Amino acid sequence: MIKRFIRRILGKKSQTNKKTRLQRIPVANHGLTREQILPCALKVTDTLQQGGFTAFVVGGAVRDLLLGKMPKDFDVATNATPEQVRDLFRRSRIIGRRFRLVHVMCGADTIEVSTFRACAITEDDTSHVTDDTGRIVRDNVFGDQESDAERRDFTINALYYDPSTQEIWDYRGGVADIKRKTLRIIGDPTTRYREDPVRMLRAARFAAKLDFHIDETTRAPITELAELLSNVPPSRLFDEMLKLLLSGHALRAVHQLRAEGLHHGMLPMLDSILEQDEGQRFITAALHNTDQRLQAGKSVSPAFLFATLLWHELHIHYRTRLDAGESASAAFFAAMDDTLDQQRARLAVPRRLDGMMKEIWSLQSRFDQRSGSRPYRLLGHPRFRAGYDFLLLRAESGEVDKTLADWWTTFQDADEAERAAMLVNEPASAKPKRRRRAKKPNPAAQPIND
Ligand code: ATP
Ligand code: MG
């Protein structure tokens, strides 16, 4: 308490502590005011500080506010232990195993509160557990604020904002890097990527999302170390990949991944897709559409997104099974499982998304059927909208004729008489009782029972 009081008195001017490289930047120099902080985050830092603890808004929120962007979420860092944090807030719970954190809830908002962590890994350090590639597998050792800053990934993510003094505590020149639009890793890049290979993916994500340049020393080892991503648990890769894809700049981020050689192995879908014209057109349309939706404040369903990313894989599995002599229908259903199983081994798309992904895929063949009662039944399908949006992407990438997508666009909005007039008439004799087998090896042309 007393130390904090003295520090407050001393901290009126921007000051640099030579030993720690800490710069305390006053509000007059950075312009980030308390009013810009989410009230729930203010409640958390105020309550912790009143309880005698240190507490700062940290990470992405400070970075984004300095860049004039709306933060996705607000994280708080403190010297209070998870138990001490939980005791101060009625609506809170401790989560996580690799990192123990506290979620504090106010209304609909949740603030993630983390305790300052130790960072130094030395030969005789037994507090951090690493595997034989240098990857940290357990890291629950608490430390001081300076070591907490050291273990963060990039300089621009190691900024601490104290809402009560409106000062930014900058240990690693993050504010200067924000001004320079430069992404710079903290510490030795190779060691930091070995500790946690996901940081390489994060570099691609932040560079794309913020339109920052990756500092040369930070970028240099990435291509060589990309294979380390194969040691990362598939569920963690999924989480990080989802953040990248939902960043609002997915297209740029995926190109960045490709430029750094990070798309190999981790995502079979990107491997094959980005190397083929047809697949690349579809993925480009899908990611562009995702970015536009997010930038317009609309939601994007992860199931829809992964259905698009895996569509090309599905084609490949389907063709293989057709070539092996399977019927179109059996081949299609089995190919959906092949696709999902193969993907799960590297990047764990959660099983709860399987149902919707399969529905979106299966609906595609039904868009070809525009006679009798079938279009009406399809319109009433709970996943019609997602299936239709998917069809639009297929049309945009040239996979199906644009007139088909246009037909469905018009049919949806038409009145009863117009719809009846639009139906494609099939001669009575040609009407198949059972749908015919697809001749072309195209999953969307396979027969689906409706
Ligand atoms: P976003 O806007 O995507 O939420 P963020 O910077 O807040 O960006 P988070 O994943 O929410 O990213 O992480 C919060 C903070 O935790 C980061 O700013 C960074 O300081 C630290 N951090 C997260 N992941 C890592 C990591 N793999 N290695 C080191 N520090 C990390
Ligand atoms: Mg965040």
Side-chain angles (χ1 to χ4, degrees), residues 37-38 40-41 44 56-78 95-96 98-103 109-121 128 130 134-141 143 145-161 168-172 174-175 177-178 183-189 191-212 218 222 225 228-229 231-233 236-250 253 294:
I37 306 295
L38 189 76
C40 186
V44 172
F56 294 83
V57 174
V58 69
V62 184
R63 177 197 70 215
D64 290 350
L65 287 170
L66 287 176
L67 286 165
K69 291 180 189 286
M70 179 68 112
K72 203 162 53 81
D73 41 42
F74 282 77
D75 300 322
V76 166
T78 176
I95 59 146
R98 188 169 174 272
F99 296 115
R100 286 173 71 234
L101 305 163
V102 186
H103 275 176
D109 296 318
T110 299
I111 303 296
E112 205 164 272
V113 185
S114 61
T115 304
F116 294 146
R117 285 198 165 73
C119 70
I121 300 184
H128 295 79
T130 60
R135 188 171 68 89
I136 298 184
V137 288
R138 205 165 59 238
D139 177 18
N140 257 326
V141 186
Q145 188 175 350
E146 189 186 351
S147 62
D148 190 77
E150 290 291 292
R151 63 156 281 281
R152 289 183 184 269
D153 45 7
F154 302 99
T155 60
I156 58 166
N157 287 345
L159 297 172
Y160 297 75
Y161 179 73
I168 289 178
W169 291 35
D170 180 358
Y171 289 87
R172 284 306 196 138
V175 171
D177 279 340
I178 284 185
L183 190 70
R184 192 188 313 277
I185 200 152
I186 295 174
D188 170 57
T191 313
R192 299 308 308 280
Y193 297 139
R194 282 192 179 280
E195 279 171 18
D196 184 3
V198 158
R199 288 173 186 147
M200 295 187 275
L201 274 186
R202 291 174 61 87
R205 169 159 72 95
F206 291 125
K209 175 177 155 171
L210 307 172
D211 199 12
F212 270 34
T218 300
I222 293 183
L225 298 177
L228 290 177
L229 280 167
N231 296 327
V232 175
R236 177 122 195 274
L237 270 189
F238 172 79
D239 291 345
E240 235 0 271
M241 194 60 197
L242 193 61
K243 281 192 193 178
L244 184 142
L245 294 170
L246 299 181
S247 66
H249 300 278
L294 290 166

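Atoms within a ligand are numbered from 1 in the order they appear, just like the ligands themselves. It should be emphasised that the depicted structure is a prediction, and the values quoted were computed from it without experimental measurement.
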Which of the numbered atoms in ligand 1 are under 4.0 angstrom from any heavy atom belonging to [X]?
X	result
G60	5 (P), 6 (O), 7 (O), 18 (O)
G59	18 (O)
R199	26 (C), 27 (N), 28 (N), 29 (C)
K72	1 (P), 2 (O), 3 (O), 4 (O)
R151	29 (C), 30 (N)
D75	7 (O), 11 (O), 14 (C)

Pair [X] + [Y]: basic N to acidic O under 4.0 Å:
X	Y	value
R151	E195	no
R192	D188	no
D64	K209	yes
D196	R236	yes

Using heavy atoms and a threshold below 4.0 Å, how should the contact between [X] and ligand 1 be classified: side chain, backbone, both, or neither?
X	value
F206	side chain
V58	neither
D196	side chain
V198	neither

| Quick one: do the Y160 and D170 side chains pair a donor with an acceptor below 3.5 Å? |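 Side-chain D/A pair, Y160 to D170: absent.
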Ignoring hydrogens, what is the shortest heavy-atom contact between [X] and [Y]? Give both atom names and the distance.
X	Y	value
R117	S147	O-OG, 3.0 Å
A250	L245	CB-O, 3.4 Å
G248	L294	N-CD1, 3.8 Å

| Which one of R202, M200, R152 has a non-hydrogen atom at the shortest distance from atom 22 (N) of ligand 1? |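 Ranked by closest heavy atom to atom 22 (N) of ligand 1, first place is R202.
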| remark: Candidates R205, K243, R236; heavy atom nearest atom 3 (O) of ligand 1 found on R205
| Are the side chains of R184 and R172 in touch, meaning some heavy atoms are under 4.5 Å apart? |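 No - every pair of side-chain heavy atoms lies 4.5 Å or more apart.
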| request: May I ask you to test the L244-R202 pair for a side-chain heavy-atom distance under 4.5 Å? | output: no
| request: Starting from atom 19 (C) of ligand 1, find the nearest protein heavy-atom neighbour and note its residue, name and distance. | output: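 Nearest neighbour among protein heavy atoms for atom 19 (C) of ligand 1, to 0.1 Å: D153 OD1, 3.4 Å.
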| Can you tell me which residue and heavy atom of the protein come closest to atom 6 (O) of ligand 1, and the distance to 0.1 Å? |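 Going by distance alone, atom 6 (O) of ligand 1 is nearest to R63 NH1, 2.8 Å.
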| said: Between D73 and the Mg ion (ligand 2), is there a contact where an N/O/S atom of the residue lies under 2.8 Å from the metal? | reply: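 So D73 counts as coordinating the Mg ion (ligand 2), yes.
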